[in-house]
Amino acid sequence: MVSPIHTFLSGKWSVLMLRIVVLLCVFAAYAGTTHASSVSGSNAPASKNENPQDKVVYLSFDDGPGKHTREVLDILRKEQVLATFFVLGEQAERYPEMIRAVVEDGHALGNHTFNHNYEQLYSDFKVFWKQIKQTEAIVERITGFRPNLVRAPGGTYGHFDKSYFDLLKLGGYTVMDWNVDSGDSKRKGVPAKEILRNATKVPAGASSVIVLMHDGGAHAETVKALPGIIKYYRDQGFRFDTMKASDEPIQFRINSNGKYKSRKAPGKEWIAENVQENSNLWLAGKELKVEIGLAAATLKQGEFRVEDQRIMVPLRTFMKKFGGSARWNAETRTATAIWKDRTIHADSISGELTTKRADQMKDRTTDGVVQSQGGTIWVPLRELMEHMGVTVDSLKVNEKEWMVKASVPLAAANSMYLDKLI
């Protein structure tokens, strides 16, 4: 089998001398300035931990898709807000067009098991695992990707023991509960006013909020409450985001005195055969370190993946890490990234990656490489870097990380230097 390294580095580049010249020129330019100490990493966006003022809210919807999903999507689109949908496999089979609509609008998908049946799911971990894989396969058939975000029906409290948490983590999944419950499923017909009141009860001092709501079943009142919920968090200075498997999970504590106290964990042989192998789908926690000239950035687990012998990266995340920007057009289903003198278009419908330079008449186009998965535009790293005008020099991998090094042509290197001076 051809390895990702061989595929990524297909062909030989005679760039060593050019790279040396580029580096010498750039170092010479920096030697006489006070900017030398800020060459690497200074333009990287601050992480959440580095900005204590950052407040983020994750709106989440369970049990769908259903008859109210379209209404929820319409409101989110109007308000320009992203959310995360934890879907049931049986509902995904029933409404595949809604699953596609969720993804096309830029939202994230999570796995909420197949049928939401507590007695089945929490009697034996093997049953829970089977339903996760069943829903995962359904979502993959519809969207082309496998979600590794998981939410337990009813939440983990009183349902999960340590083995459930440990085995799902071992299999490459991130389990997400919530810290704000809208209460829209506590009883039938909860009024919108009550849902709004519950959904805005932010825990004291919390800067990261996950709000539980439902778009499956009879939740017309949730739809009515949603605009008010969005307005509240916006007025309070929260930004809206989608959940990612790489996020720090919010999980309930284990209730060891629950109904399923006597439940037995699966045997080592079953775990080795099913769970441990499954973790390879998400690179088992490796990180991806990318160097472009003198700039460097690291993508953590969930921010990239290896698929069909290619390293795939999320366009917006990658651009931001290297000083670029990206925006999504819901009408055309196209993402547009700006990097230096290049405008890169990623079409999620045709799969085309197209680049236009300000000084050139002809576009550069690569067919069939763009994917829209989990509410994110994904592109192959090698092709993206070629469209950015950089040259890939090497790819190495060890137990902890993938390492990609690329060089910048002389003109582009000078442009990057001037950008810092201006």
Side-chain angles (χ1 to χ4, degrees), residues 48 53-88 91 95 98-99 101-110 112 116 149 151-157 176-244 247-252 328 330 374-375:
K48 296 176 185 177
Q53 302 303 316
D54 185 46
K55 298 194 296 184
V56 57
V57 57
Y58 302 92
L59 303 181
S60 64
F61 297 88
D62 288 10
D63 298 356
K67 61 182 180 180
H68 296 297
T69 303
R70 173 55 67 188
E71 297 170 273
V72 170
L73 290 176
D74 289 344
I75 293 171
L76 295 175
R77 188 182 304 113
K78 179 181 178 181
E79 297 291 340
Q80 297 185 331
V81 165
L82 295 177
T84 303
F85 291 77
F86 288 93
V87 302
L88 295 172
Q91 291 298 103
Y95 301 105
M98 284 291 96
I99 295 292
V102 167
V103 173
E104 288 171 359
D105 277 5
H107 306 293
L109 286 176
H112 201 44
H116 208 280
L149 274 173
R151 174 169 285 169
T156 61
Y157 183 80
M176 285 287 189
D177 284 310
W178 57 88
N179 57 3
V180 173
D181 186 353
S182 71
D184 63 351
S185 64
K186 288 185 176 180
R187 64 184 188 279
K188 187 176 180 179
V190 180
K193 185 176 181 180
E194 183 178 332
I195 294 171
L196 173 60
R197 184 169 63 250
N198 290 330
T200 54
K201 290 181 179 178
V202 179
S207 60
S208 180
V209 174
I210 296 179
V211 182
L212 171 67
M213 293 176 282
H214 296 80
D215 63 318
H219 285 98
E221 292 297 303
T222 301
V223 177
K224 293 179 183 179
L226 182 56
I229 295 171
I230 293 172
K231 183 179 186 304
Y232 171 83
Y233 283 102
R234 186 167 277 154
D235 290 347
Q236 295 300 313
F238 282 81
R239 64 179 177 85
F240 297 85
D241 205 348
T242 56
M243 294 183 215
K244 303 171 185 65
D247 291 337
E248 186 70 25
I250 289 180
Q251 298 172 346
F252 300 145
W328 169 253

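In this text, all values refer to a predicted model and were calculated from it rather than measured experimentally. No hydrogens, no waters, no symmetry mates; every other heavy atom, side chains included, goes into these values.
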- prompt: How would you list, by chain and number, every residue that makes a salt bridge (Lys or Arg N to Asp or Glu O under 4.0 Å) with K201, sequence neighbours excluded?
  reply: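 K201 satisfies salt bridge (Lys or Arg N to Asp or Glu O under 4.0 Å) with no residue once adjacent residues are dropped.
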- prompt: Which residues satisfy the salt bridge (Lys or Arg N to Asp or Glu O under 4.0 Å) test with K186, sequence neighbours excluded?
  reply: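 None.
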task: Only counting residues at least two apart or in another chain, list the ones meeting side-chain contact (heavy atoms from CB on, under 4.5 Å) with I210.
output: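 Here the qualifying residues are Y58, S60, R151, M176, W178, N179, M243, I250.
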- prompt: K224: what forms a side-chain contact (heavy atoms from CB on, under 4.5 Å) with it, not counting sequence neighbours?
  reply: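 Only A192, E221 meet the side-chain contact (heavy atoms from CB on, under 4.5 Å) criterion with K224.
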Taking the side chain as C-beta and beyond, is there a heavy-atom pair between [X] and [Y] under 4.5 Å?
{"X": "V87", "Y": "P65", "result": "yes"}
{"X": "V202", "Y": "Y232", "result": "yes"}
{"X": "F61", "Y": "F86", "result": "no"}
{"X": "Y233", "Y": "V209", "result": "yes"}
{"X": "D63", "Y": "H112", "result": "yes"}
{"X": "V56", "Y": "F240", "result": "no"}
{"X": "T242", "Y": "K244", "result": "yes"}
{"X": "L109", "Y": "I99", "result": "yes"}

Atom [atom1] of [X] and atom [atom2] of [Y]: how far apart are they, to the nearest 0.5 Å?
{"X": "S185", "Y": "H214", "atom1": "OG", "atom2": "NE2", "result": "4.0 Å"}
{"X": "D184", "Y": "L196", "atom1": "CG", "atom2": "CG", "result": "12.0 Å"}
{"X": "T156", "Y": "Q251", "atom1": "OG1", "atom2": "CD", "result": "6.5 Å"}
{"X": "M213", "Y": "L59", "atom1": "CE", "atom2": "CG", "result": "4.5 Å"}
{"X": "H107", "Y": "L82", "atom1": "NE2", "atom2": "CG", "result": "6.0 Å"}
{"X": "L76", "Y": "L226", "atom1": "CG", "atom2": "CG", "result": "5.5 Å"}

query: D181: what forms a side-chain hydrogen bond (donor to acceptor under 3.5 Å, both in side chains) with it, not counting sequence neighbours?
result: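 Partners of D181 under the side-chain hydrogen bond (donor to acceptor under 3.5 Å, both in side chains) test: none.
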Anything under 3.5 Å between a donor and an acceptor, one on a side chain of residues 68-75, the other on a protein residue two or more places apart or in another chain? List them.
residue, atom, partner, partner atom, Å
H68, ND1, E71, OE1, 2.8
H68, NE2, A220, N, 3.4
T69, OG1, G66, N, 2.8
T69, OG1, G66, O, 3.3
T69, OG1, D215, OD2, 2.7
D74, OD1, R77, NH1, 3.1

- prompt: Are any of the side-chain nitrogens in R234 or E79 under 4.0 Å away from the carboxylate oxygens of its partner?
  reply: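 The answer is yes: the pair qualifies as a salt bridge.
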- request: Return yes if some donor-acceptor pair links the side-chain N/O of K55 with the main-chain N/O of S208 below 3.5 Å, else return no.
  value: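 No, K55 side chain to S208 backbone: no donor-acceptor pair under 3.5 Å.
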field: Nearest heavy-atom neighbours spanning I229 and A199
entry: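 Answer, listing the atom of I229 first, then A199: CD1-CB, 3.6 Å.
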query: Of all heavy-atom pairs between D177 and G155, which one has the smallest distance, and what is that distance?
result: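 Minimum heavy-atom contact is OD1-CA, 3.5 Å.
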